[in-house]
K.L.:
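Below is the structure I would like to discuss, written out as structure tokens.
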Amino acid sequence: EDRLLVTFDHNGESFITALDKRSGKEIWRQQRDEISNWAAPLVVEHEGRKQVVVAATKKVRSYDFKTGELIWESAGLGLNTIPAPVRQGDMVFVMSGFRDPKLMAIRLGRSGDLTGTDAIVWSETRATSYTASPVLHEGKLYFITDRGMISSFDAATGKPHYHQTRLPGGHSYKASPVGAAGKLYVASEGGDVLVLKMGPEFEVIATNTLKDQIFIASPAIVDGEIFLRGQST
């Protein structure tokens, strides 16, 4: 809408602020007891109330979009939270993959401290993403590790369709996967762009290799075309 939401989580005075996108004037600011994190905020609307969900090391927090008031919070993630939250229905999914890795599915509609409550619908600690953000499509949550392991979970139940499956090529991964037209595109640091079929079974459709390229930036898809930014181009 009319706001730019920016999270300043660092080893200092951390805060989140909402700015007017036209003037830059600050609309609200909330102090945060956090260390360095990189996860982008996610705006969701539930039961007529718009909120801003922010994943972080100490606590995942949700703020009222209009006022910045804290709605709910939950501990559970580990250090260096990078993947962006995603949402399906009345649940949001947050993840960390460095020290004390964790994936949590949190049900919306509650308030206060949700740590250890049944608002945490399910969780996973193995092979979660450290750098890459997940893809959520048709009830399936896809995520990859930096070392090239991919997983697909049923978003509603946390049951894996496949888990810790090795991607071919032996490369490392920093770029987030992107989905389009039933396919998942995964760009590696070794110059391979893998095309996977989205669905309950693991299937690699194609491997496209661009020699002497290192992909850290995530692919972008616009009007039926895919744009790749390598380290040298």
Side-chain angles (χ1 to χ4, degrees), residues 7 9 16 32-44 46-47 51-63 70-167 173-174 176-177 179 184 186 198-200 202:
T7 306
D9 282 349
I16 181 173
R32 290 169 52 78
D33 178 22
E34 287 295 345
I35 56 177
S36 295
N37 288 290
W38 294 267
L42 173 69
V43 178
V44 300
H46 182 68
E47 296 179 344
Q51 52 188 286
V52 184
V53 179
V54 185
T57 293
K58 293 187 178 181
K59 287 185 177 180
V60 183
R61 296 178 179 87
S62 178
Y63 302 91
L70 181 67
I71 301 173
W72 57 264
E73 60 186 1
S74 176
L77 297 185
L79 288 175
N80 289 0
T81 307
I82 301 174
V86 292
R87 182 256 186 103
Q88 173 183 281
D90 66 347
M91 290 197 293
V92 291
F93 304 85
V94 293
M95 191 180 328
S96 65
F98 182 49
R99 197 169 298 161
D100 300 319
K102 191 75 167 285
L103 161 61
M104 297 195 301
I106 305 174
R107 193 176 303 282
L108 298 168
R110 308 285 184 88
S111 60
D113 191 350
L114 308 183
T115 307
T117 71
D118 61 359
I120 313 303
V121 180
W122 60 268
S123 63
E124 176 59 49
T125 59
R126 296 173 300 156
T128 59
S129 291
Y130 175 30
T131 306
S133 293
V135 168
L136 184 55
H137 178 70
E138 293 185 346
K140 300 175 184 64
L141 184 69
Y142 303 88
F143 51 95
I144 61 172
T145 70
D146 281 28
R147 295 184 178 182
M149 307 286 281
I150 187 167
S151 301
S152 172
F153 276 51
D154 183 291
T157 65
K159 181 180 179 180
H161 296 294
Y162 53 86
H163 191 201
Q164 302 184 84
T165 300
R166 175 69 64 183
L167 292 168
Y173 293 82
K174 292 286 191 301
S176 298
L184 197 67
V186 189
M198 288 198 282
F202 175 75

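The residues of the chain are indexed from 1 along the displayed sequence. Because the structure is predicted, anything quoted here is derived from the model rather than measured.
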K.L.:
After noting the C-alpha distance and the side-chain angles of Tyr130 and Ile82, does the key distance pass the side chain to side chain contact (heavy atoms under 4.5 Å, CB included) rule?
P.N.:
CA-CA 7 Å; Tyr130 175 30; Ile82 301 174; 3.8 Å; yes
K.L.:
Any side-chain heavy-atom pair from Arg87 and Val53 closer than 4.5 angstrom?
P.N.:
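No; the side chains remain at least 4.5 Å from each other.
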K.L.:
May I ask you to check whether Thr115 and Asp113 show a side-chain donor-acceptor distance below 3.5 Å?
P.N.:
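Checked: Thr115/Asp113 side chains pair up, N/O donor to acceptor below 3.5 Å.
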K.L.:
What distance do Met95 atom CE and Leu141 atom CG have between them, rounded to the nearest 0.5 Å?
P.N.:
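Answer rounded to 0.5 Å: 5.5 Å.
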K.L.:
Is it true that, when you exclude Arg166 itself, more than 12 heavy atoms of the residues, nucleotides or ligands shown sit nearer than 6.0 Å to its CZ?
P.N.:
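Result for CZ/Arg166: enclosed.
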K.L.:
Looking at every non-hydrogen atom in both residues, tell me the closest pair between Pro134 and Ala84 and how far apart they are.
P.N.:
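Answer, listing the atom of Pro134 first, then Ala84: CD-O, 3.6 Å.
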K.L.:
From the options Lys58, Arg61, Lys59, select the one residue that forms a salt bridge (Lys or Arg N to Asp or Glu O under 4.0 Å) with Asp33.
P.N.:
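Looking at Lys58, Arg61, Lys59, the match for Asp33 under the salt bridge (Lys or Arg N to Asp or Glu O under 4.0 Å) is Lys58.
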K.L.:
Is there a side chain to side chain contact (heavy atoms under 4.5 Å, CB included) between Met198 and Lys140 once you walk through the steps?
P.N.:
CA-CA 9 Å; Met198 288 198 282; Lys140 300 175 184 64; over 6 Å; no
K.L.:
For Ile144 and Pro177, work out which heavy atoms get closest and say how close.
P.N.:
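Scanning both residues completely, I find the closest heavy atoms to be CD1-CD, 4.1 Å.
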K.L.:
Using modelled atom types and a 3.5 Å cut-off, is there a donor and acceptor pairing between side-chain atoms of His137 and backbone atoms of Leu184?
P.N.:
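Answer holds: no.
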K.L.:
Check step by step if side chain to side chain contact (heavy atoms under 4.5 Å, CB included) holds for Asn80 and Arg99.
P.N.:
CA-CA 8 Å; Asn80 289 0; Arg99 197 169 298 161; over 6 Å; no
K.L.:
Taking Ser176 for its side chain and Ser133 for its backbone only, find out whether a donor-acceptor pair lies under 3.5 Å.
P.N.:
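Side chain of Ser176 to backbone of Ser133: a pair is present.
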K.L.:
Which distance, rounded to the nearest 0.5 Å, do you find between the CG of Asp9 and the CZ of Arg32?
P.N.:
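It is 4.0 Å, given to the nearest 0.5 Å.
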K.L.:
For Ile35, check side chain to side chain contact (heavy atoms under 4.5 Å, CB included) against everything at least two apart and list the hits.
P.N.:
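Checked Ile35 against side chain to side chain contact (heavy atoms under 4.5 Å, CB included); matches are Asn11, Thr57, Leu79.
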K.L.:
Measuring from Tyr63:OH to Glu73:CD, what's the distance to the nearest 0.5 Å?
P.N.:
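The OH atom of Tyr63 sits 8.0 Å away from the CD atom of Glu73.
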K.L.:
How close do Met91 and Ala105 get, heavy atom to heavy atom, and via which atoms?
P.N.:
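That closest heavy-atom pairing would be SD-CB, 4.2 Å.
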K.L.:
If you take all heavy atoms of Ala55 and Thr81, which pair is closest and at what distance?
P.N.:
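Taking every non-hydrogen atom into account, CB-CG2, 3.8 Å.
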K.L.:
With side chain to side chain contact (heavy atoms under 4.5 Å, CB included) as the criterion, how do Leu167 and Phe202 come out once you've worked through the C-alpha distance, each side chain's angles and the decisive distance to 0.1 Å?
P.N.:
CA-CA 10 Å; Leu167 292 168; Phe202 175 75; 4.0 Å; yes
K.L.:
Looking only at atom types and distance, does a side-chain atom of Thr128 sit under 3.5 Å from a main-chain N or O of Leu103, one as donor and one as acceptor?
P.N.:
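Answer holds: no.
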K.L.:
Please tell me if the side chains of Asp154 and His161 come closer than 4.5 Å, counting only heavy atoms from C-beta onward.
P.N.:
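Asp154 reaches His161 side chain to side chain.
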K.L.:
Closest heavy-atom contact between Tyr142 and Gly199?
P.N.:
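Scanning both residues, the minimum pair turns out to be OH-N, 2.8 Å.
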K.L.:
I need the Phe143 CZ to Phe93 CZ distance, nearest 0.5 Å.
P.N.:
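The CZ atom of Phe93 is 11.0 Å from CZ of Phe143, to the nearest 0.5 Å.
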K.L.:
Just how far is it from atom CZ of Arg107 to atom OG1 of Thr117, taken to the nearest 0.5 Å?
P.N.:
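Going from the CZ atom of Arg107 to the OG1 atom of Thr117 covers 10.5 Å.
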K.L.:
Minimum heavy-atom separation for Gly89 and Leu108, please, with both atom names.
P.N.:
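Scanning both residues completely, I find the closest heavy atoms to be O-CD1, 4.4 Å.
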K.L.:
Ignoring hydrogens and angles, tell me if any N or O in the side chain of Thr7 forms a donor-acceptor pair with the backbone of Ile16 under 3.5 Å.
P.N.:
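Answer holds: no.
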K.L.:
Between Trp122 and Ala155, is there a donor-acceptor pair closer than 3.5 Å when you use the side chain of the first and the backbone of the second?
P.N.:
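Present.
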K.L.:
Donor-acceptor check, side chain of Ser151 to backbone of Gln164, threshold 3.5 angstrom: yes or no?
P.N.:
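Checked: pair present.
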K.L.:
Between atom OH of Tyr162 and atom OG of Ser152, what is the distance when rounded to the nearest 0.5 Å?
P.N.:
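The distance works out to 4.5 Å.
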